[in-house]
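Any value given below was found using the heavy atoms of this structure, including those in side chains, with hydrogens, waters and symmetry copies removed. For ligands, and for the atoms within them, numbers begin at 1 and follow the listed sequence.
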Amino acid sequence: MNKVSKHRHELRSVLITGATGGIGMELAKRYAKPGRMLILWGRNKERLDTIASLCCSRGAEVSPRQIDLSDGEAALAALREDEARHGLDLVILGAGLSDIKSPDQQTEDPAGVLKLALVNYATPVTLATAAAQSMIRQGYGKIVLIGSVAGFYELPFAASYSSSKAGLACFAQAANLAWRPKNVQLTLVIPGFVDTPMSQRLEGPRPFLVSAGSAARKIMQAIRVGQAELIFPWQFRVLRVAERLLPAFLRRHILQSLDVGQKEHARS
Ligand SMILES: NC(=O)c1ccc[n+]([C@@H]2O[C@H](COP(=O)([O-])OP(=O)(O)OC[C@H]3O[C@@H](n4cnc5c(N)ncnc54)[C@H](OP(=O)(O)O)[C@@H]3O)[C@@H](O)[C@H]2O)c1
């Protein structure tokens, strides 16, 4: 039998994927408090140990798990195990990877595209669905998917990344229609540039950059009020409206002339 929160809005059990990353670590730190179980998933053992001890020192109970999310079946089994042990009140699916095709490549690397599609799309939507099943049974829960403003644009140098985030957005809209009436709130977070290792690898400007701490605060506020979609910083909300006025040929021209690179390939 699952553990069920006695108080419907008390987040006693919080699972975070990507807890070893810039945004995930900030969220884990901020959610850590006595009386709360933090289920922290990451791939890098050293960073996982660091964030787990920090959260313990803040009084939380911590259950860390080293896991590679490109194995979706293993991830699903792990979620079911954690859910049976601790229950799930809030599940934040923050893990993700990004990659940018260099100008000398004709296309992205197909093996990298497969991995990105699994980690950024296939596994998160699988875990969100499994979490929703359990939350519908317990009568309450919150799920968070982390998309990107890249999902608004057909980025020719990052087709797999931008489409993975667009796919998440479509999933989030459909799932919200299905799950909200059953008291499971899904929040889709759509960040612009956040100052973490992911964006620090980019070459070139990072307009409207926000700190990971500021991103975490905005995300926690959106979760608290059950917001369906959070786009930040605000400049990207304005751009979203303005770009709808652009003729299609001009939009294509701008996207094709964007010159973006990265310092090294994505961590595999
Ligand atoms: N930073 C930005 O500007 C920005 C903008 C828009 C959206 N986002 C999104 O925000 C989310 C968090 O990104 P971040 O900025 O915090 O990036 P980050 O610092 O690079 O962290 C990425 C996280 O994803 C985990 N991860 C990557 N591949 C994995 C795999 N195969 N299996 C398990 N975990 C894996 C990493 O684990 P390890 O470190 O343990 O390998 C790390 O915890 C991502 O979904 C990203 O797409 C970021």
Salt bridge (charged side-chain N to carboxylate O under 4.0 Å, His left out) between D195 and R206, worked out: CA-CA 9 Å; D195 196 14; R206 292 178 291 162; 2.9 Å; yes
Ligand 1-proximal atoms of T20, by part, heavy-atom distance under 4.0 Å: both
Residue-ligand contact Y161/ligand 1, heavy atom below 4.0 Å: yes
Among G147, S164, A95, P124, closest by any non-hydrogen atom to atom 25 (C) of ligand 1: A95
Whether G192 lies under 4.0 Å from ligand 1, heavy atom: yes
I23 side chain reached by I219 side chain, heavy atoms, under 4.5 Å: yes
Distance flag, aromatic centroids of F208 and F236, threshold under 6.0 Å: yes
Structural part of V119 in contact with ligand 1, heavy atom criterion under 4.0 angstrom: side chain
Per-atom contacts, ligand 1 versus G21 - under 4.0 Å to a heavy atom: 16 (O), 19 (O), 21 (O), 42 (C), 43 (O)
Close-contact set for ligand 1 against F193 heavy atoms, below 4.0 Å: 3 (O)
Under 4.0 Å to a heavy atom of I146 - the qualifying atoms of ligand 1, by number: 9 (C), 10 (O), 11 (C), 45 (O)
Heavy-atom proximity to atom 48 (C) of ligand 1, best of K45, R206, R43, M198: M198
Side chain, backbone, both or neither: K165 near ligand 1, heavy atoms under 4.0 Å: side chain
Ligand 1 atoms in contact with G96 (distance to a heavy atom under 4.0 Å): 22 (C), 24 (O), 27 (C), 44 (C), 45 (O)
Basic-acidic side-chain contact under 4.0 Å: K29, E26: yes
Verdict with reasoning, K115 to D109, per salt bridge (charged side-chain N to carboxylate O under 4.0 Å, His left out): CA-CA 10 Å; K115 182 152 192 172; D109 165 46; over 6 Å; no
More than 12 heavy atoms of other groups within 6.0 Å of E46 CD: no
Per-atom contacts of ligand 1 with N44, taking only distances under 4.0 Å to non-hydrogen atoms: 38 (P), 40 (O)
Any I67 heavy atom less than 4.0 Å from ligand 1: yes
Residues E154, R251; criterion salt bridge (charged side-chain N to carboxylate O under 4.0 Å, His left out); working and verdict: CA-CA 10 Å; E154 311 81 60; R251 178 189 173 85; 2.7 Å; yes
Contact with ligand 1 for P197, non-hydrogen, under 4.0 angstrom: yes
L69 and ligand 1 - part of the residue with a heavy-atom distance under 4.0 Å: both
Intermediate values then yes/no, salt bridge (charged side-chain N to carboxylate O under 4.0 Å, His left out), D89 and K142: CA-CA 6 Å; D89 297 326; K142 290 174 184 262; over 6 Å; no
Stepwise side-chain hydrogen bond (donor to acceptor under 3.5 Å, both in side chains) test for E108 and Y161: CA-CA 10 Å; E108 294 177 74; Y161 183 74; over 6 Å; no
Shortest reach to atom 31 (N) of ligand 1 by a heavy atom, considering only T17, D68, L116, I16: D68
